[in-house]
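Comments concern the structure below.
Keep in mind the model is a prediction, meaning the values are calculated, not measured. Chain letters run A, B, ... following the sequence lines, proteins first and then strands; every chain starts at 1.
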Number of protein chains: 2
Amino acid sequence: MTAGQTARERARAELTGAIKDEARRQLAVDGAHQLSLRAVARALGMASSAIYRYFPSRDELLTALIIDAYDALGEAVEAVEPVAEPALWWHAVCTAVRGWALANRHEYALIFGSPVPGYRAPHDTVAPAARIPLALVRVAEAADLPDGDLPAELRAQVEHVLGLAGSTLTPGAMARVMITWTQLFGMIGFELFGQLVGSADPADAFFDHTVREMAAFLGLRSPNVAHAIGPQP
Amino acid sequence: MTAGQTARERARAELTGAIKDEARRQLAVDGAHQLSLRAVARALGMASSAIYRYFPSRDELLTALIIDAYDALGEAVEAVEPVAEPALWWHAVCTAVRGWALANRHEYALIFGSPVPGYRAPHDTVAPAARIPLALVRVAEAADLPDGDLPAELRAQVEHVLGLAGSTLTPGAMARVMITWTQLFGMIGFELFGQLVGSADPADAFFDHTVREMAAFLGLRSPNVAHAIGPQP
DNA sequence: CCAGAGCGAGAGCACTGCTCTCGGTGTGCT
DNA sequence: AGCACACCGAGAGCAGTGCTCTCGCTCTGG
């Protein structure tokens, strides 16, 4: 894939990657707020102004990191191997999301926390962002989920989403997937941002139980042999 | 209430309030990231160094704003008048939360988005933060919710929370309240932070439907349906 | 082989949070 | 009433930031 590139192009791609890597390193340590272009340049031994040859602004660098984070999370989720029993598969996918979030909390905060710059350009991020809910849809499709009554307006929206996703789910089932989707990220966000500190502070048990409850809400049959296969640490 | 205060104390309280008001104004316009102590001082016609007589750092100012925001949201939620039918009351409370969030999105992002400074001091904020989940608990107490099976570890946590909240709910019901709590804020956060942009973008219908579904999940009878199916533990 | 695009470095601007010092002023105690 | 002291506002200053501009050097396509 690097064939046909001039030396300059290769150097540019390499340096772009190095800048992102260093930025990601600082992001993981100090958070998005502390990320400084000058500090990145300093760590790379280059003048701060040279960074602007690769990223026109700090926000553009952050946007690039956001897209990469979406992709990393998407890959982590898609790496979950399908299991015949949808409830178990569901549990594995949810656990993968949480595991990635806990392991990369600043990157998670970058994509699911409050938008850091004035406003994010949504169009570059919407495609990689869709990978995670799509993974949830794939699990749901493996089960035979009942439909459900939906108000007309919502039904139209959901059917449009079904078209985008190329999914065979019924609108009622898709709506429930969307509900569990928001629940999952709400719970993980609360855990990461300290909102559970007074209640379900070590959130493992709460997370595990909630995922099961949401699976039941979705319509996935819950495997009552809980001790057979436990959650991955 | 201002009796017994010296002129200096009154002036100090007044200026402290003025600083917070101006900061809140800038927050609402530009977001937390853009909030600048110097700009606040400039707007108030004072030297930037004088601000530090009232707030020792920018983060302290933000923390004060966070606590105020929690209280404002708490008041908005507690201002919801109880209704005899719990499902309706529930709906009103959830709608109040969303309404406040939409009307004060930067303040909402400040408290429920990613923690802006290195790390926030949690202990000053945990008390006002508890007002919102407590309001949800109060609604749940008005209904006769069934219990549910809980793993031992989670059950212990939930019972501890019940003690803190002084609630008469069963552990199973309390756990479901916590699940719906995280769902509610996950959904609102997704709407505010643009995560629903490709799917349920005008989120009114989705929100409305989800609140009803979560009420049914909780065990509140839906007012429009004769006898909704209760949750299955 | 050479014009022009790409590139790195440095200086510089306007801004930030924060500190320190310096006078003036209101306050509580004697 | 007088006074010591804590409090307060202003200004200068430090270190850091994002970003721009200009200057030479180098690699590249024609």
Side-chain angles (χ1 to χ4, degrees), chain A residues 2-20 22-23 25-27 29-66 110 115-121, chain B residues 2-20 22-23 25-27 29-66 110 115-121:
Chain A
T2 53
Q5 284 186 331
T6 70
R8 206 170 235 177
E9 278 168 336
R10 236 179 314 119
R12 180 176 181 87
E14 204 167 316
L15 233 181
T16 305
I19 291 172
K20 286 204 289 186
E22 176 58 31
R25 253 202 52 232
Q26 297 194 9
L27 177 69
V29 174
D30 298 319
H33 187 67
Q34 302 289 337
L35 179 63
S36 145
L37 286 190
R38 295 179 108 112
V40 170
R42 224 175 292 130
L44 262 49
M46 62 199 303
S48 63
S49 55
I51 297 274
Y52 290 86
R53 301 279 182 198
Y54 300 86
F55 296 93
S57 75
R58 200 189 98 113
D59 285 1
E60 294 283 332
L61 213 202
L62 279 178
T63 303
L65 292 182
I66 287 171
L110 190 61
V116 183
Y119 192 59
R120 177 112 19 83
Chain B
T2 54
Q5 283 187 332
T6 70
R8 206 171 233 174
E9 278 170 335
R10 235 178 317 118
R12 181 177 181 84
E14 204 168 315
L15 233 180
T16 305
I19 292 172
K20 285 204 290 186
E22 177 58 32
R25 254 202 50 231
Q26 298 195 8
L27 177 69
V29 174
D30 299 319
H33 188 67
Q34 302 289 337
L35 178 62
S36 144
L37 285 190
R38 294 180 109 112
V40 170
R42 224 176 293 130
L44 263 48
M46 62 199 302
S48 64
S49 56
I51 297 273
Y52 290 85
R53 301 280 182 197
Y54 299 87
F55 296 94
S57 76
R58 200 190 99 112
D59 285 1
E60 294 282 331
L61 213 201
L62 279 178
T63 302
L65 292 182
I66 287 171
L110 189 62
V116 182
Y119 194 58
R120 179 94 21 78

Query - Residues which pass side chain to side chain contact (heavy atoms under 4.5 Å, CB included) with A:Glu60, listed by chain and number, not counting sequence neighbours - result: A:Pro56, A:Ser57
**Report entry** With B:Arg12 via side chain to side chain contact (heavy atoms under 4.5 Å, CB included) - residues at least two apart
**Finding:** B:Thr16, B:Tyr54
Query raised in the report: For the side chain of A:Arg53 and the base of C:dG8, is some donor closer than 3.5 Å to an acceptor across the two?
Result: yes
Query raised in the report: Checking only heavy atoms, does the side chain of A:Arg12 share a donor-acceptor pair with the base of C:dG6 at less than 3.5 Å?
Result: no
Of the non-hydrogen atoms in [X] and [Y], which two are nearest, and what is the gap between them?
X: A:Ser48; Y: A:Ala41; value: CA-CB, 3.6 Å
X: A:Gln26; Y: A:Ala43; value: NE2-CB, 4.4 Å
X: A:Leu65; Y: A:Leu110; value: CB-CD2, 4.0 Å
X: B:Ala64; Y: B:Lys20; value: CB-CD, 4.0 Å

Query raised in the report: Considering heavy-atom distances to DNA chain D, does A:Arg42 or B:Gly45 have its closest nucleotide positioned more toward the 5' end?
Result: B:Gly45
Query raised in the report: Can a side chain N or O of B:Ser36 be found less than 4.0 Å away from OP1 or OP2 on C:dG17?
Result: yes
Query raised in the report: Which two nucleotides bound the region of DNA chain D that has atoms under 4.0 Å from heavy atoms of chain A, read 5' to 3'?
Result: D:dT17 to D:dG29
Taking the side chain as C-beta and beyond, is there a heavy-atom pair between [X] and [Y] under 4.5 Å?
X: A:Leu44; Y: A:Leu15; value: yes
X: B:Arg38; Y: B:Ile51; value: no
X: A:Phe55; Y: A:Leu37; value: no

Requested in this report: Assign A:Leu35 to base, sugar-phosphate, or nothing according to its heavy-atom contacts below 4.0 angstrom with the strands shown.
Outcome: sugar-phosphate
Report task. Just call it for B:Phe55: base, sugar-phosphate, or nothing, with non-hydrogen atoms closer than 4.0 Å on any strand. Result -> nothing
Scan nucleotides 25-29 of chain C against the protein and return all N/O pairs shorter than 3.5 Å with their distances rounded to 0.1 Å.
| from | atom 1 | to | atom 2 | distance (Å) |
| --- | --- | --- | --- | --- |
| C:dT25 | O2 | B:Arg8 | NH2 | 2.9 |
| C:dT27 | OP1 | B:Ala7 | N | 3.1 |
| C:dT27 | OP1 | B:Arg8 | N | 3.1 |

Query raised in the report: Who passes salt bridge (Lys or Arg N to Asp or Glu O under 4.0 Å) against A:Arg25, sequence neighbours left out?
Result: A:Glu22
Tell me the interatomic distance from [X], atom [atom1], to [N], atom [atom2], rounded to whole angstroms.
X: B:Met46; N: C:dC18; atom1: CE; atom2: C1'; value: 15 Å
X: B:Asp59; N: C:dG17; atom1: CG; atom2: C1'; value: 10 Å
X: A:Tyr52; N: C:dA9; atom1: OH; atom2: C1'; value: 15 Å

Query - Spacing of A:Ser36 atom OG and A:Arg42 atom CZ [to the nearest 0.5 Å] - result: 6.0 Å
**Report entry** Residue-level proximity of residues 13-20 of chain B to DNA chain D when a heavy atom falls under 4.0 Å
**Finding:** B:Leu15
